Amino acid sequence: MDLEPAYKMESIRAVQDIQHEFWPLDEINPENTKFPCCLVWTPLPVVSWLAPFIGHVGICTEDGSAVAFSGSNFINVDDFALGSVAKYLQLDRKQCCFPRNLAAHTCKHGYKHSEFGSATTWDDAIQSSVRHFEHKSYNLFTCNSYSFLANCLNRLCFGGSMDWNMINVGVLLLFKGHWVDNISILRSFSPFILVVCFGIFMVGWPFLVALLSFSLILLAWFVFGTYCLKNLLDS
């Protein structure tokens, strides 16, 4: 029996599946707020004025529409709610796992990934996370936009990992994200600089110590809650 034609047909189907799954993305277009397959970040009013490393984050669909968990029982779609995107990071879909069945996992997690909720496409993973979060209560300290983003990345098994959480999502955007433009940098840090200058003028250097202490306590809470109280923080 000649197996070569059958092998060729399977190869053609596999290529067609890949081409269909990874259809070409449009260019990133900040003017129209289109960031295909990107993680996006913008300053969070008041909070970012005191701790500029914290903001509001979301994930964009393959057509570039931003999706974010913005409040209790509320998911923003194609509207970044708290301001225009200031920083973005485009992810490679080839680093994700899109199994069509249990045997088709390209990641090492297999059953764990399927049990958590794997997806067959990028947008399918986002939709699954939307359904998971659309009835959740928003809490800045335990269930926020970073939780939603971590949940999406775990469903995608991005980078072969299912250990995404608030901390490593924040670090990823902080150190690998790209600023949209110089205005975005100014918009992100000018309130913080003004608060620092005003505080030092009114109170003196103790204000700077208090502000640094606030940032460290906030950071310590998220680290402790993420790695020591895993059931407390959502992801």
Side-chain angles (χ1 to χ4, degrees), residues 10-11 13-25 35-41 57-69 75-77 88-139 142-177 222-235:
E10 288 299 321
S11 298
R13 286 172 185 166
V15 171
Q16 288 174 339
D17 283 346
I18 292 172
Q19 289 175 339
H20 173 72
E21 191 170 342
F22 298 120
W23 55 284
L25 300 176
F35 297 86
C37 293
C38 287
L39 310 184
V40 288
W41 181 94
V57 298
I59 187 169
C60 296
T61 59
E62 290 178 308
D63 70 358
S65 302
V67 181
F69 180 48
I75 304 290
N76 269 109
V77 179
Y88 67 92
L89 175 64
Q90 190 169 49
L91 302 184
D92 185 357
R93 289 171 293 176
K94 292 180 181 178
Q95 295 187 45
C96 303
C97 177
F98 298 117
R100 297 192 181 280
N101 53 62
L102 190 59
H105 280 271
T106 56
C107 65
K108 62 182 179 181
H109 299 289
Y111 286 103
K112 180 182 178 182
H113 189 199
S114 295
E115 185 177 352
F116 182 84
S118 57
T120 55
T121 66
W122 177 276
D123 288 354
D124 181 43
I126 295 176
Q127 285 302 317
S128 295
S129 293
V130 167
R131 287 192 292 270
H132 181 72
F133 274 82
E134 64 185 356
H135 301 299
K136 283 185 174 292
S137 297
Y138 185 95
N139 186 303
T142 59
C143 184
N144 53 43
S145 60
Y146 287 86
S147 307
F148 174 75
L149 194 49
N151 188 274
C152 288
L153 293 181
N154 284 327
R155 291 181 189 278
L156 292 166
C157 201
F158 178 73
S161 173
M162 287 193 63
D163 295 321
W164 292 101
N165 53 53
M166 293 185 192
I167 299 298
N168 51 26
V169 163
V171 169
L172 180 67
L173 273 167
L174 182 65
F175 291 105
K176 291 192 175 183
F222 286 119
V223 171
F224 179 75
T226 297
Y227 295 105
C228 300
L229 301 173
K230 295 184 178 181
N231 293 328
L232 181 61
L233 303 189
D234 209 331
S235 64

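Heavy atoms only: backbone and side chains are in, while hydrogens, waters and symmetry mates are out. Residues: numbered from 1 along the sequence shown. Quick caveat, the model's predicted, so the values are computed rather than measured.
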**Prompt:** Angle class for the Phe148/Phe69 ring planes (parallel below 30°, perpendicular above 60°, tilted otherwise)?
**Reply:** tilted
With sequence neighbours left out, the residues meeting side-chain contact (heavy atoms from CB on, under 4.5 Å) with Ser161 are Asp163, Trp164
Grab the two heavy atoms, one from [X] and one from [Y], that are nearest each other, plus how far apart they are.
X: Asn151; Y: Arg155; answer: OD1-NE, 2.7 Å
X: Cys157; Y: Cys107; answer: SG-CB, 3.5 Å
X: Tyr146; Y: Val169; answer: CD2-CG1, 4.0 Å
X: Met166; Y: Cys143; answer: CE-N, 4.2 Å
X: Pro36; Y: Leu25; answer: CB-CB, 4.1 Å
X: Cys60; Y: Trp122; answer: O-NE1, 2.8 Å

Contacts of Lys112 meeting salt bridge (Lys or Arg N to Asp or Glu O under 4.0 Å) (sequence neighbours excluded), chain-then-number -> none
Could you check if a side-chain atom of [X] sits within less than 4.5 angstrom of a side-chain atom of [Y], using non-hydrogen atoms only?
X: Phe222; Y: Asn144; result: yes
X: Leu149; Y: Ser145; result: no
X: Tyr138; Y: Phe133; result: no
X: Ile126; Y: Ile59; result: yes
X: Leu156; Y: Leu91; result: no

key: Polar side chain donor-acceptor pair, Thr121 to Asp123, under 3.5 angstrom   =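 No donor-acceptor contact under 3.5 Å links the two side chains.
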Separation of [Y] [atom2] from [X] [atom1] (nearest 0.5 Å):
X: Arg93; Y: Cys37; atom1: CZ; atom2: SG; answer: 4.5 Å
X: Met162; Y: Leu153; atom1: CE; atom2: CG; answer: 11.0 Å
X: Thr226; Y: Asn165; atom1: OG1; atom2: CG; answer: 5.0 Å
X: Phe98; Y: Ser118; atom1: CZ; atom2: OG; answer: 10.5 Å

Checking Asp124 side chain against Gln127 main chain: does a donor-acceptor pair fall under 3.5 Å?
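No: the side chain of Asp124 does not pair with the backbone of Gln127.
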